[in-house]
Amino acid sequence: MRRVLLPILLLLMACNAILVWRLSRPDLDLALFGPRLRYEYALRLEVDLVGDPAQARIFLPADLPGQRVTREWVETSGLGYQLGSEDGERAAHFRADGLRGHHDATYRAIVEMEPTRYEIAPGTRLPAHLPSAVQAQLGAEALIQVDHPEIEAAAAEACAGAEPGDVAAVVAACFARVGDGVANSDYENALDALSTLRWGEAFCGGKSRLLVALLRNRGVPARLVGGVILQPGTKRVGHVWCEVWVNGLWLPLDPVNGHYLERPARFLALYRGDRGLTERSQDMNFRYAFTIRRFETTPEEAMAPGVQGAAPYPLWQALRATRVPLSLLRILLLLPIAVLVVVVARNVLGIPSFGTFVPALLAMAFSATGLAWGLALLGAVVGIGIAARAAIEHLQLLHVPRMALVLSVVVAALLGISVAAAGQGWIEPGALALYPMIILVCVVEQCFVTYQESGPARTVGAAVGTVAVVAAVHLVIGWPPLEALVLVMPEILLAVGALYLALGRYVGLRASELLRFRAVAAARAAA
Amino acid sequence: MRGFAGILGINRRNLELVQPGRRDRRAVIDDKLATKAVLRAAGVDVPPDLAVVSSRIDVGRALNAIRAAGRAAIKPARGLGGNGLLLAGPHHRDEDLRFHLTAILSGAYSRGGEGDRPVVEPLLADEDELARVHGGSGLADVRIVVRDGVAAMAMLRLPCAGSGGAANLHAGGVGVGIDVARGRTTSAIRRGRGVDAHPDSGLTLAGIAIPAWDHLVVTAERMNAIFDLAYLGVDLVIDRERGPLVLEVNARPGLAVQIASGEGLRARFDQRRRA
């Protein structure tokens, strides 16, 4: 290790010096490293019309604590639309007069999210008079049977240990009763509070309504909140949770995921109250889907006056003159860190994988499709490649032409899968770009080279290792502050370089070798 | 934890033992034909060449030589492990043998797919004592790890039915540690687990005396000087007709010999240095 000590120290000192200089500058926006997340949220409606007048209404995200809409726009294929409000919630109304056939409309918004967290001070009591708007959140509704005797009994029992006016204790007791006392179910079964209480299990709608019913029964104003959990990818299911009114603020509660008085940054709220996200007239086929992706600031948007808080990245500014796209810069800067994970996995832990750069690039390509879909795609592609190779085994072809044939089959299969997945709405079409395709084909080739050189057992081991390493890289580079860190402070890559130097001289046993040689070590220790 | 201190891991092997060696020397060892030429020039016994195949022109003559000998071993000069080994016999058709020779020439089995040359040797057979232990399923060999002219550790590799006749540990062969000083076997492993008897013959694996052991050790210890590399794994066979032969030399010998011997290579190097 002595040989590299000097270069390591020089790198770390350089990194330190630049960091100190940068942190001392007044225009540095440290808020960039906070847990603020930026997403592109899209809600896509698809309708089949028969020519009658048709309408649909969706609720739109609004600016709330921990949630800010910085841009929004609508794309339609012929439907008219108007942004406005309904019942105090932001809404978009779509209409079609006399249109026929398949049409779609997509609402998109850039949202900035922060988690929120609250505490109810012990001894907080409900005020004697509630504002009338809040008062309305105490009554019974069709699916929230506040005054039903069974609800009353359950609420009384749950809050038996709490002093009646003690808001903190009552909220905690009711939350525990629903959070722990009612199981989470995958089915859309019990929809209303009473059924949920009787069945003992429900999905988010039922559990949230029960919690609201219990709270209201004890005199604490509460309401439902509907929205969606922002995870990259496409899905059709939203989420419902609750809010409870304390001292003029609506505090979040999610009895399904156990979030007590906190709202994670990924929870996007779309409407309050017991209503549906969408409403539409009868004569049409109707379906909708959410598509969410982590948002990359395009240079124009970053500089646009309407976007707040998107600090111009210093390195990006310098390179703008050379027209290097931000997406490329992001990849180049994150790659050393991604590869570091692979190197640590191999040289320190002893986890084998196909190649060194390939797993890192693969993980970065999966940030567009999401890890689960990415791994499924990887498994499908490798499986098809193996099947294709086995199918032509008996033809006894020479090595290079055989590889070319197999890879051509893999490319064709990839094309087919992409078209099918995009058509079904599983993956947003934009996610399947050229670059992930290339990486996947490289993986298949590496896989076969390993098979050729080391046999089937080693290949399976490397395949499993590759999946593990890809997941690990994805986890590391998916950490939101890292992207901002590396774009604003690229000097941390000097420290990464120092780490590479240190790893280059690491002669210790790999973790896998601790396992492999354990019998020998035991024999040596005994002797 | 202390027990791990004397064990050689792959990181240290690569950084301290393999990489410092000259790359052109390792290239010689990676090519079996070049290795045999160097060994012959140094007066070391190696298996003879039944035929020399440098290009497709030579394939016909090689085929004749193989048919004249009845059986032969065809392997790529720059193949990895046992990859590309074909034990040719009367049951193979001419076009199969031709295809295999041509495939090797085209680089089907070599790293990176570059062109290669086949090694065509007579089929070797173990002398009686070793053949008895493994029941005749293949060819056994002795792997001796040498450093700076001193034999550090050794193991006897035995084939079995389950390994398809290969002595290679990765393929499922049996690895039996050898006491370097006395030339007798100690303990054995197969697929990472300890075994007491050979799975086919049922004979005990401990306490076997390796024939011509002193000769094997002296031959192996010459390799560091001959190839100008400080750390090598030498594979020797004791052929029934021709006696002890050097089959192959490895620039990156595997670390499983430690498991077979129940001892660590680092500890062994330290002992030798102190002695």
Closest approach of B:Ile7 to A:Leu509 (non-hydrogen atoms, all atoms of both residues)
O-CD2, 4.1 Å

Per-residue contacts, residues 458-466 of chain A versus chain B, heavy atoms under 4.5 Å
A:Arg458

Count the heavy atoms belonging to other residues, nucleotides or ligands that lie under 6.0 Å from CG of B:Asp96, then report whether that count exceeds 12.
yes

More than 12 heavy atoms of other residues, nucleotides or ligands under 6.0 Å from CG of A:Leu395: yes or no?
yes

Of all heavy-atom pairs linking A:Arg516 and B:Ile259, the shortest is O-CD1, 3.8 Å

Rounded to the nearest 0.5 Å, what separates atom CZ in A:Arg510 from atom CD1 in B:Ile10?
5.0 Å

Salt bridge (Lys or Arg N to Asp or Glu O under 4.0 Å): which pairs involve residues 173-187 of chain B, sequence neighbours left out?
B:Asp179-B:Arg182

How about A:Tyr500: does its OH atom have over 12 heavy atoms from other parts shown lying under 6.0 Å from it?
yes

Check each atom of B:Leu15 against the heavy atoms of chain A and say whether the ones under 4.5 Å are side chain, backbone, both or neither.
side chain

Give me the atom names and distance for the closest heavy-atom approach of A:Val507 to B:Glu16.
CG1-OE2, 4.2 Å

Name the region of B:Ile189, side chain, backbone, both or neither, that has any atom closer than 4.5 Å to a heavy atom of chain A.
neither

With sequence neighbours left out, the residues meeting side-chain contact (heavy atoms from CB on, under 4.5 Å) with A:Val348 are A:Val344, A:Leu503, A:Tyr506

Please classify the contact of B:Ala256 with chain A as side chain, backbone, both or neither, using a heavy-atom distance under 4.5 Å.
both

For B:His100, ring pair (Phe, Tyr, Trp, His ring centres under 6.0 Å) partners two or more places apart
B:Tyr109

Taking atom NE2 as the centre, does B:His92 end up with more than 12 heavy-atom neighbours from other residues, nucleotides or ligands that are less than 6.0 angstrom away?
yes

Heavy-atom closest pair, residues B:Gly262 and A:Ala523
O-CB, 4.0 Å

Decide yes or no for B:Asn11 and A:Glu513: does some side-chain heavy atom of the first lie under 4.5 Å from some side-chain heavy atom of the second?
no

